[in-house]
J.: 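Sharing a structure, written as C-alpha cells. Questions coming.
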Amino acid sequence: MRLSRYFLPILKENPKEAEIVSHRYMLRAGMIRQQQAGIYSWLPLGLKVLRKVEQIVREEQNRSGATELLMPTLQPAELWKESGRYDDYGKEMLRIVDRHDRDMLFGPTNEEMITDIFRSSVKSYKDLPLNLYHIQWKFRDEIRPRFGVMRGREFLMKDAYSFDIDEARAREAYHRMFVAYLRTFKRLGMTAIPMKADTGPIGGDLSHEFIILADTGESEVFCHKSYLTKPVPGDDVDFDSDLSGYIADWTKEYAATDEMHDETAFNAIPAEDQIAARGIEVGHIFYFGTKYSESMGATVMAADGKDYPVHMGSYGVGVSRLLGGIIEASHDENGIIWPKSVSPFDVGLINMKVGNEETDAACEQLYERLGNAGFDVLYDDRTGQAGAKFATMDLIGLPSQLIVGPRGLKSNEVEIKDRATGERELVSLDAVVDRII
Ligand SMILES: Nc1ncnc2c1ncn2[C@@H]1O[C@H](COS(=O)(=O)NC(=O)[C@@H](N)CS)[C@@H](O)[C@H]1O
C-alpha cells in the first residue's frame, strides 16, 4: 500500500479525553474515530488489525469444533420476555420500537436467540454435542463508556454457545473452549490467565475470566506467578480427547479476580510467587446448565425416549477490546508495538528522499520484490521530513521498518529497524527480502 494513496489520519497531539495509552495511540495512529460516547468508526488501519484479530479467534474456534453462523444485531423483545431477562437486563439494554410498534432491542448478547435457533431444529441427542458461534457487534448502554474500545457501547464480540445432553458433556464442551481460549490469546501475542469469576447476568455456577495483566486494567487480580510461563496446548492438541488435564494444570494454582478473591488462600502462596496486579478481561466463559433451555423449551429426546432440556454454556471474547488490550501489553513511549500475528502491515518502507532518482528507484524495486515475496508493505512515498516519517512508523507499530536513503544506497545498502528491540542493521539491497523475518 502506498501511503500517499491510503487514509491514515495521524494526530500529532494526545487527545485530551484519552486517559490510557491504548486509547491515546489508537486515536493518534488513525485507527479509530469516536462518533459518540463508546461508539467508534473503524478507520482503515484499525479495521485491518480488527480483522486479523477476528480471524485468529475464528481459526481457534473452528479448530475446537465450533461452527460459525451469524445472528442479527437486532433482536425481538419476545425472546427476552420468554427467558425473563427483558426486565432484569436494565438500562444497559438499548430498546427500540419499529414502525409497526414492535418491541425490539440491539443485542447485548445472544443466549436467547441462539436457544431459539437451536430449539427450532435440534430434537435428538444424536445431534449433540453442538457449539455454535458468531462474531457480531453488540450494544450495551454502559453508564460510563471509557478507555476507548476497552469499554465501548457498541463493540465486537465472539460469542459461542454449547449444547449438550447432560452436565458431564457440557463440562467437556467448557474444557474445549477453555483450551481454545488459551491458544487464541497466545497466538495474539498475549499471556491470558484463566481466573475463577462471577457469573453475573449471564448466570450459571461455573465461570472463568481470561485476564491479561496490564497496569490500566479495570479488574484487580491475584494469582500465582507460574501462570506467566506455563506453555499453552500446542497445535496438535486433540479436541476429541479428554482435555481435563489441561484445565487441572491451568487451575491448580491460585488465580482469582477481586470478586472471587480469597486472601487467606492467596497468602498461603510464598510471597515471591504472588502476583497482585490489575488486569483486562479479554474473555469470559460460562457453564449455566439448563437456565435458558428450560425457560425456552429447548429439549432433545435422549436414548431413553424421554425429552430433556439441554445443558448449555456461553463463551465470549472481546474482539474489539483485544486491540486495546494488545496495545496496553505491547507499546513504548513512541507508539504501538504490534505482534507480527496481528500487525496491520508486515513492513514499513520509508523513502527518506522522495524525488531523488536513486531512492525512488530502490524503493519501487523493494516494494515490488517484498510484495512478490508475500509481504504486506506500507510504503511511505509521501514528500516530507524523514523525522516525521520515522515518528509515524514508530507510532503505528509495524514490526519491521526498511529505511532507504541516498547515503546508504551509495554502498548499495538499506537499513532495517526492528520496532520491538530498536535494533538497526545495514543490509545490502539484494539481501533485504531474506532478512525480513
Ligand atoms: N462494553 C464492552 N466493551 C468492549 N468489550 C466488552 C464490553 N463488555 C464486554 N466486553 C467483552 O466481551 C466479553 C464477553 O462479554 S461477557 O459479558 O463477559 N459474556 C457474554 O456476553 C456471554 N454472552 C458470552 S457468549 C468480555 O470478556 C469482554 O472482553
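Computation of the quantities below employed the complete heavy-atom set of this structure, encompassing side-chain atoms and omitting hydrogens, waters and symmetry-equivalent molecules. Just follow the structure's listing: the first ligand is 1, and inside any ligand the first atom is 1. Counting begins at 1 with the first residue of the sequence.
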J.: I need the contact type for Arg321 against ligand 1. Using non-hydrogen atoms and a strict under-4.0 Å cut-off, is it side chain, backbone, both or neither?
T.: side chain

J.: With a heavy-atom distance limit of 4.0 Å, tell me whether Met150 approaches ligand 1 through its side chain, its backbone, both, or neither.
T.: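 Only the backbone of Met150 comes within reach of ligand 1.
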
J.: Does at least one non-hydrogen atom of Val149 fall below 4.0 angstrom from an atom of ligand 1?
T.: yes

J.: Heavy-atom contacts under 4.0 Å between Phe210 and ligand 1: side chain, backbone, both, or neither?
T.: neither

J.: Only one of Tyr6, Tyr379, Phe375, Trp338 clears ring pair (Phe, Tyr, Trp, His ring centres under 6.0 Å) with Phe345; which?
T.: Tyr6

J.: Determine, considering heavy atoms only, which of Glu281, Arg153, Glu111 sits nearest to atom 22 (C) of ligand 1.
T.: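 Looking at heavy atoms only, Glu111 sits closest to atom 22 (C) of ligand 1.
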
J.: Hey, is Ile285 touching ligand 1 through its side chain, its backbone, both or neither, going by heavy atoms under 4.0 Å?
T.: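 Ile285 to ligand 1: no contact under 4.0 Å from either part.
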
J.: Given 3.5 Å as the limit, does a donor-acceptor pair link the side chain of Lys196 with the main chain of Tyr254, or not?
T.: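 No; judged by distance alone, with no hydrogens or angles, the pair does not exist.
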
J.: Return yes when atom CD of Glu13 has more than 12 non-hydrogen atoms of other residues, nucleotides or ligands closer than 6.0 Å, and no otherwise.
T.: no

J.: Which heavy atom of the protein is the closest neighbour of atom 14 (C) of ligand 1, given with residue, atom name and distance?
T.: Met157 CE, 3.7 Å

J.: Are side-chain heavy atoms of Val122 and Phe163 found at a separation under 4.5 Å?
T.: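 No; the side chains remain at least 4.5 Å from each other.
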
J.: Given that the side chain starts at C-beta and the backbone is N, CA, C, O, which of these parts of Lys138 lies under 4.0 Å from ligand 1, counting heavy atoms, or is it both or neither?
T.: neither

